[in-house]
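Each remark here refers to the structure printed beneath this line.
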There are 2 protein chains.
Amino acid sequence: MVTNGEHLAAKFFDRGDVFDPDCPTRLILDRIGDKWTVLALLLLSKGPLRFTELRDGIGRVAPKVLTQTLRRLERDGLISREVFAEVPPRVVYTLTPMGESLITPIRAVSDWAEEHVPAISAAQNSYDLDNA
Amino acid sequence: MVTNGEHLAAKFFDRGDVFDPDCPTRLILDRIGDKWTVLALLLLSKGPLRFTELRDGIGRVAPKVLTQTLRRLERDGLISREVFAEVPPRVVYTLTPMGESLITPIRAVSDWAEEHVPAISAAQNSYDLDNA
DNA sequence: CGGGATCCTACTCGATACTG
DNA sequence: CAGTATCGAGTAGGATCCCG
């Protein structure tokens, strides 16, 4: 990953630096920026869900996109995917312990967002009026 | 962890409408998902900064993109933009009270991210090996 | 110094059809 | 049911140049 620079040691043994352009922390922030990732995690915070249950809970999502989202989360170790060899097939997604530990921070953000929707809308209207 | 998937969506709707496809909360989550928004906010949490200071602090970011980010934040009422009629010109960006109230939640997320970078990298490597 | 204007690439997301 | 395959569109982000 990091190939040069004096901060190499710090990067390796410290927690990392969000402001370093090469810091992998950016990758996590990018995940959260995904359109459905946060929603999927919040849905799963209440318990394991099947593919269709996630799709219905999220709303309008192309199956391809939902699969991409879930695969990424699985690769990151945030959720686990369990396949049951039945007919019809059944696949259950579950938060891993690490995934569960993410719930509190992202819920804090989404709670903030819901709380401040009116204030932000007002600010936007005001801004648009001043720049009409 | 209790599993009761039937009325999952209903429970979530009780505490908000994040899962409503048309909910404006999505807009805030999308903003946070922007590539530089969180970084800019965290930088500004230490005090007012000029355009160039933000650019240098963030790293490699095209001025056009940084301007877009800052304009959006200003429109949302999260930061304020103050222009000084001097030569050379000076523009200072400052967090508004509402912007400051966002710092705690997003710092919680970024702290989580920095903490779990090693675990996530390990999970990714393991996943990639199993699917080689 | 702090952008605005312009052009371009990449990637995400979406819709639809099909399958083990 | 739980995806995969394919095609296509919209847009955030990037590179570069220029101006008050």
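Chain identifiers are assigned alphabetically (A, B, ...) following the order of the sequence lines, protein sequences preceding nucleic acid strands; residue numbering begins at 1 within each chain.
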Expected output: side-chain A/S126 to main-chain A/A122 donor-acceptor under 3.5 Å: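 No, because the side chain of A/S126 does not come within donor-acceptor range (under 3.5 Å) of the backbone of A/A122.
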
Which ring pair (Phe, Tyr, Trp, His ring centres under 6.0 Å) pairs, counting each pair once, include a residue from residues 54-86 of chain B, with sequence neighbours left out? none

What heavy-atom pair brings [X] and [Y] nearest, and what distance separates the two atoms?
{"X": "A/P48", "Y": "A/V92", "answer": "CB-CG1, 3.5 Å"}
{"X": "A/L73", "Y": "A/A40", "answer": "CD1-CB, 4.4 Å"}
{"X": "A/G77", "Y": "A/T96", "answer": "O-OG1, 2.7 Å"}
{"X": "A/W112", "Y": "B/S101", "answer": "NE1-OG, 2.9 Å"}

Does [N] have its OP1 or OP2 closer than 4.0 Å to a side-chain nitrogen or oxygen of [X]?
{"X": "A/R50", "N": "D/dA2", "value": "yes"}
{"X": "A/R60", "N": "C/dG14", "value": "no"}
{"X": "B/R72", "N": "D/dG13", "value": "yes"}

To the nearest angstrom, how far is [X] atom [atom1] from [N] atom [atom2]?
{"X": "B/N131", "N": "D/dT4", "atom1": "CG", "atom2": "P", "result": "11 Å"}
{"X": "B/L66", "N": "C/dA5", "atom1": "CG", "atom2": "C1'", "result": "17 Å"}
{"X": "B/E53", "N": "C/dG3", "atom1": "CD", "atom2": "C1'", "result": "16 Å"}
{"X": "B/K64", "N": "C/dT6", "atom1": "NZ", "atom2": "P", "result": "12 Å"}
{"X": "A/D30", "N": "C/dC13", "atom1": "CG", "atom2": "P", "result": "11 Å"}
{"X": "A/L39", "N": "C/dC13", "atom1": "CG", "atom2": "C1'", "result": "15 Å"}
{"X": "A/Q68", "N": "C/dA10", "atom1": "CD", "atom2": "P", "result": "18 Å"}
{"X": "A/K35", "N": "D/dG10", "atom1": "NZ", "atom2": "P", "result": "13 Å"}

Beyond-backbone contact of B/L39 with A/R26, side-chain heavy atoms, under 4.5 angstrom: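 Heavy-atom side-chain distance check passes, below 4.5 Å.
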
For the side chain of [X], counting heavy atoms from C-beta on, which of [options] is nearest?
{"X": "A/P88", "options": "D/dG13, D/dC1, C/dG2", "result": "D/dC1"}
{"X": "B/P63", "options": "C/dG3, C/dC1, D/dA15", "result": "C/dG3"}
{"X": "B/T67", "options": "D/dC1, C/dC13, C/dG4", "result": "C/dG4"}
{"X": "A/V61", "options": "C/dA5, C/dG3, C/dG14", "result": "C/dG14"}
{"X": "A/F51", "options": "D/dC1, D/dG3, C/dC13", "result": "D/dG3"}
{"X": "A/W36", "options": "C/dC13, D/dA2, C/dG3", "result": "C/dC13"}
{"X": "A/R81", "options": "C/dG14, D/dG3, D/dA2", "result": "D/dG3"}
{"X": "A/R71", "options": "D/dT4, C/dG3, C/dG14", "result": "D/dT4"}
{"X": "B/D34", "options": "D/dG13, C/dA15, D/dA2", "result": "D/dG13"}
{"X": "A/P89", "options": "D/dA2, C/dC13, C/dG2", "result": "D/dA2"}

Give one of base, sugar-phosphate or nothing for B/Y93, where a contact means two heavy atoms less than 4.0 Å apart.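 If one applies the 4.0 Å heavy-atom cut-off, B/Y93 turns out to touch the sugar-phosphate alone, with no base involved.
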
Regarding B/R55, tell me which of base, sugar-phosphate or nothing describes its non-hydrogen contacts under 4.0 Å with the strands shown.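 Nothing, no heavy atom under 4.0 Å.
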
If you assign each of B/T52 and A/G33 to its closest nucleotide in DNA chain C, which residue comes earlier from the 5' end? B/T52

Only one of B/T94, B/L54, B/L78 forms a side-chain contact (heavy atoms from CB on, under 4.5 Å) with B/L44, so which one is it?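 In the set B/T94, B/L54, B/L78, the residue that makes a side-chain contact (heavy atoms from CB on, under 4.5 Å) with B/L44 is B/L54.
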
What is the distance from atom CG of B/L70 to atom OH of B/Y93, rounded to the nearest 0.5 Å? 5.0 Å

At what angle, to 10 degrees, do the two end axes of the helix from C/dC1-D/dG20 to C/dG20-D/dC1 meet, given five pairs define each axis?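 The value is 60°.
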
